[in-house]
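As the structure is a prediction and not an experimental result, all values here were calculated from the model. To find a chain, count down the sequence lines: A is the first, B the second, and so on, and within it residues start at 1.
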There are 2 protein chains.
Amino acid sequence: MQPDAIKRCLAGSGLRSTPQRYAVMAFLMKQAGHPTAVEIFEAVNRVDPRSSRATIYNNLRDLVHAGLVREVAVEGRAARFDAKGMRHHHFICDRCGNVEDVDWYDVPRPAAASLGRRVLRECELIFRGLCTRCAPRRVSR
Amino acid sequence: MQPDAIKRCLAGSGLRSTPQRYAVMAFLMKQAGHPTAVEIFEAVNRVDPRSSRATIYNNLRDLVHAGLVREVAVEGRAARFDAKGMRHHHFICDRCGNVEDVDWYDVPRPAAASLGRRVLRECELIFRGLCTRCAPRRVSR
DNA sequence: TGAACAGATTAGATTATATCTAATATGAAA
DNA sequence: TTTCATATTAGATATAATCTAATCTGTTCA
């Protein structure tokens with residue numbers, strides 16, 4: 001069990017462990033950034049068991065549905081994915097579309113009255129602006 | 001809201017007032033929901049000056065860039081748009097993808113340390129779950 | 001008022017992203 | 001092992017958005 005945390009993780013969510021699915025999960029867990037489906041496709045195929053595009057998308061859908069992976073929609077660009085490790089918020093760059101993590105802190109929930117009959121599953125806080133690479137260097141003044 | 005207000009609004013953002021652009025803005029301002037680009041395309045063309053798909057997308061891009069309209073990316077679905085009227089948060093339905101408004105309340109900003117060199121423009125709070133139509137009806141009353 | 005022209009519009013092609021199909025293969029339970 | 005529900009595959013298809021290059025138009029200013 002301890003030798004393979006990923007397999008346990010998949011089994012615990014009722015997902016069969018296949019080389020392709022395992023590779024996607026392993027890649028996302030060791031990855032610091034927030035790759036797109038195509039980037040994941042290329043990365044896992046660079047190693048070995050060749051995964052088709054459909055398999056990557058299928059597995060990402062299943063992993064998101066199982067709550068192991070988070071999908072971040074970015075307007076005008078491909079969605080990005082990350083393994084749900086430590087809780088965190090997301091910063092999306094206006095300029096390059098990159099997604100970066102921001103330390104997690106608690107967010108106040110809305111008043112019951114403004115939710116009405118809606119069933120709240122989660123609150124997501126997204127920051128927008130210029131990411132580390134796109135922000136202008138500070139100029140002494 | 002008088003028709004002139006829209007023209008002033010556009011001019012104030014350095015945007016020329018054209019029948020097509022005006023129609024997009026007018027539609028979004030009188031619209032309670034969060035239509036997709038295609039829905040806007042169909043709605044404004046149902047009235048009169050025929051707008052091409054490209055014009056709808058161009059104008060939406062310009063209006064978003066001018067800060068008059070907000071774009072909401074929804075994973076796996078088309079983006080949705082609304083005129084920035086009163087500040088509000090968004091609720092995205094897990095099941096149908098609909099976007100609904102939630103009363104606005106202030107969100108605490110992250111600590112400067114966790115932003116680093118990043119330039120923060122805005123904080124966006126997104127709620128997820130089941131929308132009014134998709135939530136199961138309450139049994140007891 | 002009416003040129004002039006920067007900016008806007010157009011139809012349709014193109015690109016980008018994601019899903020579907022149906023034939024085949026495989027993990028894991030028994 | 002055998003079994004079979006589940007997963008994978010290549011390629012086609014669907015959907016969302018952008019691009020192209022020809023044409024048109026709002027606004028400015030003489």
Considering heavy-atom distances to DNA chain D, does A:Asn59 or B:Ala78 have its closest nucleotide positioned more toward the 5' end? A:Asn59
Test: salt bridge (Lys or Arg N to Asp or Glu O under 4.0 Å). Region: residues 74-94 of chain A. Which pairs qualify, not counting sequence neighbours? A:Glu75-A:Arg128, A:Asp94-B:Arg121
What residue pairs, at least two apart or across chains, pass salt bridge (Lys or Arg N to Asp or Glu O under 4.0 Å) with a residue in residues 12-36 of chain A? A:Arg21-A:Asp62
What pairs with B:Ala78 under side-chain contact (heavy atoms from CB on, under 4.5 Å), at least two apart in sequence or on another chain? B:Thr36
Can you give one letter per nucleotide of nucleotides 21-30 of chain C, going 5' to 3': B for a protein heavy atom under 4.0 Å from the base, S for sugar-phosphate only, - for none? -----BBS--
Using OP1 and OP2 only, check whether a side-chain N or O of [X] sits under 4.0 Å from [N].
X	N	result
B:Gln20	C:dT10	yes
B:Tyr57	D:dA17	yes
A:Ser52	D:dT8	no

For a quick check of understanding: with a heavy-atom distance under 4.0 Å over all strands, which category does A:Arg21 fall into, base, sugar-phosphate or nothing? sugar-phosphate
Touch check for B:Arg77, heavy atoms < 4.0 angstrom, all strands: base, sugar-phosphate only, or nothing? nothing
Starting at CZ of B:Arg80 and ending at C1' of D:dA16, how long is that distance when rounded to a whole Å? 13 Å
In residues 33-44 of chain B, which residues come under 4.0 Å of DNA chain C by heavy atom? none
Sequence-distant partners of A:Asp103, salt bridge (Lys or Arg N to Asp or Glu O under 4.0 Å), two or more places apart: none
